[in-house]
Amino acid sequence: MDKILDSVIEYGKEFVEEGKLVNYIPILRDADKTALGVCLIDKDGKIYEAGKSREKFAIMSIVKVILFEIVLENYEIDEIKKYIGFKGSSKPYDSILDLELEKGKPINPFVNAGAIMSSYLIYKKFKDKSVDVLFEKAKTLTENKDIDYARELMKLTSNGGENNLALTYILKKHGYIDKETNIEDVLYIYNLACCIMVNTKDLAVLSSIISRNGINLDGKRVMEKDHARILRTLMSICGTYDYSGDFAINIGIPAKSGVGGGIMATTNKDIGVCTFCPGLDRSGNSIAGVKMLEMVSKKLDLGYY
C-alpha cells in the first residue's frame, strides 16, 4: 500500500500546474499549488500516508458533511425535507439563480445555500451552544481532539462573503429562515465551520467512519448506520457539485470536495481515503486530488457503480 500511495503522489505531480487557486480569499490564494497529500485507512484501521498528508488546510465545503450529520441527528428526515432538497447539482455551488428557481429551498445540503440552511437548523436547535456542538462533532468524527479553526481566515471570510450573505437573505425572504433569527448568527456558524483546519489523515478518518457505516477505528459506533448511507448517497449525487456525474463515472466512489484543496472519498469496502492539492477546476474540485483518487480507485478496484 505504501508503494501505491507513493506512485499516486508521483502521478498527482503531473497535474499540479493545471489547477487554479481560489482568488477571493487571500490565504487560499497564496497556497502552494505543488503541495500533494494522500491518506488511506484500510478495513482493518491501518493508516497509510504519502506526501504532505499532515499539512493543514481549511476544510471549507467538506464540513458540509459534518453539518448535515448534526442535522440528521436532531431532525426527522421528513422535517429536513421541508427545508432542504436532495437533488443533484447542475449549477455552481454558490448559485443564487439556482436558489431562486427553487423558490428559496436549497437544492441539496452540499451547495452553499444548503449548508447555510443546515447551520440554521443547528442554530434553531442549539442557539448559543451551536459552535460547541459543531466542534464536538468535528472532533469525534475526525478522532482529533485538537481540531481548531483559523482565526485570520475566519476574519477574512466574515468581512467578505457577499454571495453567501445574499443566499441567506433569500432563504429568509422565502421563509426558510424565520423572521426572528439574526442571519449573522447563522452565517457565523457556517463561516466558522468552513475555517476548521484539517489534514488528509483527519478526513480519511471521517471517510472511514462513513464507509464503515458509522463505526470508528476503535470499533465504537459514532454515527447511525442509516446516516452513513444517506451521506454516501448525497456525496454520490452532489458531493463534487456540477462535476458529480463525471466524478461518478471516472472515479466511481462517493466524495466531498472543498475549495481548500481536500477531497474526502468513501467506499463500500470499509476503506476511507482523502487527497489534497490546492489547485482547483472550474467546479471547485482539486484537479490533482481528483486524479489521485482516480488512480487509487482503479488500483484498489473501489468503484461503486
Side-chain angles (χ1 to χ4, degrees), residues 1-2 5 37-49 53-54 56-57 59 61-77 80 109-110 115 118-119 121-122 125-126 129-149 189 192-194 196-236 239 253-256 258 262-276 293 296 300 302 304:
M1 187 64 72
D2 289 323
L5 293 193
V38 60
C39 180
L40 182 145
I41 301 177
D42 70 13
K43 61 183 179 65
D44 297 316
K46 187 171 181 180
I47 300 171
Y48 300 89
E49 302 175 71
S53 61
R54 296 298 177 105
K56 289 186 177 182
F57 55 90
I59 192 170
S61 285
I62 301 174
V63 83
K64 294 170 181 176
V65 175
I66 298 175
L67 289 170
F68 195 62
E69 167 58 15
I70 297 172
V71 172
L72 287 170
E73 290 177 359
N74 290 280
Y75 293 87
E76 296 295 330
I77 198 73
I80 296 170
F110 294 162
S118 290
S119 301
L121 291 173
I122 293 168
K125 178 79 175 183
F126 295 104
K129 296 181 180 179
S130 297
V131 170
D132 293 335
V133 170
L134 166 65
F135 273 94
E136 187 59 34
K137 186 57 59 178
K139 290 175 181 179
T140 297
L141 294 180
T142 60
E143 297 187 14
N144 182 352
K145 296 302 182 184
D146 296 321
I147 284 288
D148 202 356
Y149 71 98
I189 297 167
L192 188 69
C194 290
I196 290 173
M197 300 300 290
V198 292
N199 56 42
T200 60
K201 188 258 185 180
D202 294 326
L203 295 181
V205 170
L206 172 55
S207 62
S208 172
I209 289 170
I210 298 173
S211 298
R212 291 153 59 98
N213 288 315
I215 304 298
N216 70 6
L217 301 185
D218 294 325
K220 179 182 177 182
R221 176 164 298 284
V222 293
M223 177 187 294
E224 292 297 323
K225 180 179 180 180
D226 199 44
H227 294 177
R229 178 187 64 81
I230 291 170
L231 291 174
R232 288 195 304 269
T233 303
L234 288 168
M235 290 165 72
S236 295
I253 50 180
K256 184 71 197 80
I263 307 180
M264 177 187 75
T266 63
T267 72
N268 60 358
K269 297 184 178 181
D270 297 343
I271 293 172
V273 60
C274 178
T275 61
F276 163 69
L293 278 176
V296 170
L300 299 182
L302 299 179
Y304 254 64

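These numbers come from a predicted model, not from an experiment.
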### Task
Might you confirm whether atom NZ of Lys269 has over 12 heavy atoms from other residues, nucleotides or ligands at distances under 6.0 Å?
yes
### Query
What's the verdict on side-chain contact (heavy atoms from CB on, under 4.5 Å) for Leu300 and Met1, showing C-alpha distance, side-chain angles and the deciding distance?
CA-CA 10 Å; Leu300 299 182; Met1 187 64 72; 4.0 Å; yes
### Query
Do you know the tightest heavy-atom contact between Thr266 and Ile253?
O-CB, 3.3 Å
### Query
Counting distance only, does the side-chain N/O of Thr200 pair as donor-acceptor with the main-chain N or O of Ser53 below 3.5 Å?
yes
### Task
Could you check whether the rings of Phe110 and Phe68 sit parallel, tilted or perpendicular, using 30° and 60° as the cut-offs?
perpendicular
### Task
State, to 0.1 Å, how close Gly214 and Ala228 come at their nearest heavy-atom pair, and which atoms those are.
N-CB, 4.1 Å
#### Entry: Neighbour count >12 (heavy atoms, 6.0 Å) for atom NZ, Lys139
yes
### Task
Please step through side-chain contact (heavy atoms from CB on, under 4.5 Å) for the pair Leu231 and Leu72, ending with a clear verdict.
CA-CA 10 Å; Leu231 291 174; Leu72 287 170; 4.2 Å; yes
### Query
What is the distance from atom CG of Leu206 to atom CG of Asn216, rounded to the nearest 0.5 Å?
11.5 Å
### Message
I'd like to know if the side chain of Tyr75 and the backbone of Leu121 have a donor-acceptor N/O pair within less than 3.5 Å.
### Response
yes
### Query
When rounded to the nearest 0.5 angstrom, what distance separates OG1 in Thr275 from CG in Leu40?
11.0 Å
### Query
Salt bridge check: are Lys201 and Glu49 linked by an N-O gap of less than 4.0 Å?
no
### Message
Ile230 vs Ile77, test: side-chain contact (heavy atoms from CB on, under 4.5 Å). Steps then yes/no.
### Response
CA-CA 10 Å; Ile230 291 170; Ile77 198 73; 4.2 Å; yes
### Query
What distance separates Thr140 OG1 from Ile209 CD1, expressed to the nearest 0.5 Å?
8.5 Å
### Task
For Leu141 and Glu69, work out which heavy atoms get closest and say how close.
CD1-CG, 4.2 Å
### Query
Ignoring hydrogens and geometry, is there a side-chain-to-backbone donor-acceptor pair from Ser207 to Leu203 under 3.5 Å?
yes
### Message
Testing the basics here: between Gly258 and Ile62, what is the closest heavy-atom pair and its distance to 0.1 Å?
### Response
N-CG1, 3.7 Å
#### Entry: Contact summary for Arg232 and Ser211, nearest pair of heavy atoms
NH1-O, 4.3 Å
### Message
Could you tell me if the side chain of Pro109 sits less than 4.5 Å from the side chain of Val71, heavy atoms only?
### Response
no
### Query
Roughly how far, to the nearest 0.5 Å, is the CG atom of Leu134 from the OG atom of Ser118?
11.5 Å
### Query
For the atom pair CD1 (Ile147) and CG (Asp202), what is the distance rounded to the nearest 0.5 Å?
4.5 Å
### Task
Side-chain contact test, heavy atoms from C-beta onward, threshold under 4.5 Å: evaluate it for Phe276 versus Val38 and give yes or no.
no
### Query
Can you check whether Asn74 reaches Phe126 side chain to side chain, under 4.5 Å on heavy atoms?
yes
### Task
Starting at CZ of Arg212, measure out to OG1 of Thr267 and round the result to the nearest 0.5 Å.
10.5 Å
### Task
Determine whether Ile59 and Tyr149 make a side-chain contact, defined as any pair of heavy atoms from C-beta on separated by less than 4.5 Å.
no
#### Entry: Whether Lys256 side chain and Gly239 backbone form a donor-acceptor pair below 3.5 Å
yes
### Query
With a 4.5 Å limit on heavy-atom distance, are the side chains of Met264 and Ile210 in contact?
yes
### Message
Can a donor-acceptor pair be found, under 3.5 Å and without considering hydrogens, that links the side chain of Arg221 to the backbone of Asn213?
### Response
yes
### Shortest non-hydrogen separation from Tyr48 to Asp2 and the atoms involved
CD2-OD1, 3.4 Å
### Query
Glu143 side chain to Val205 main-chain N or O, any donor-acceptor pair under 3.5 Å?
no
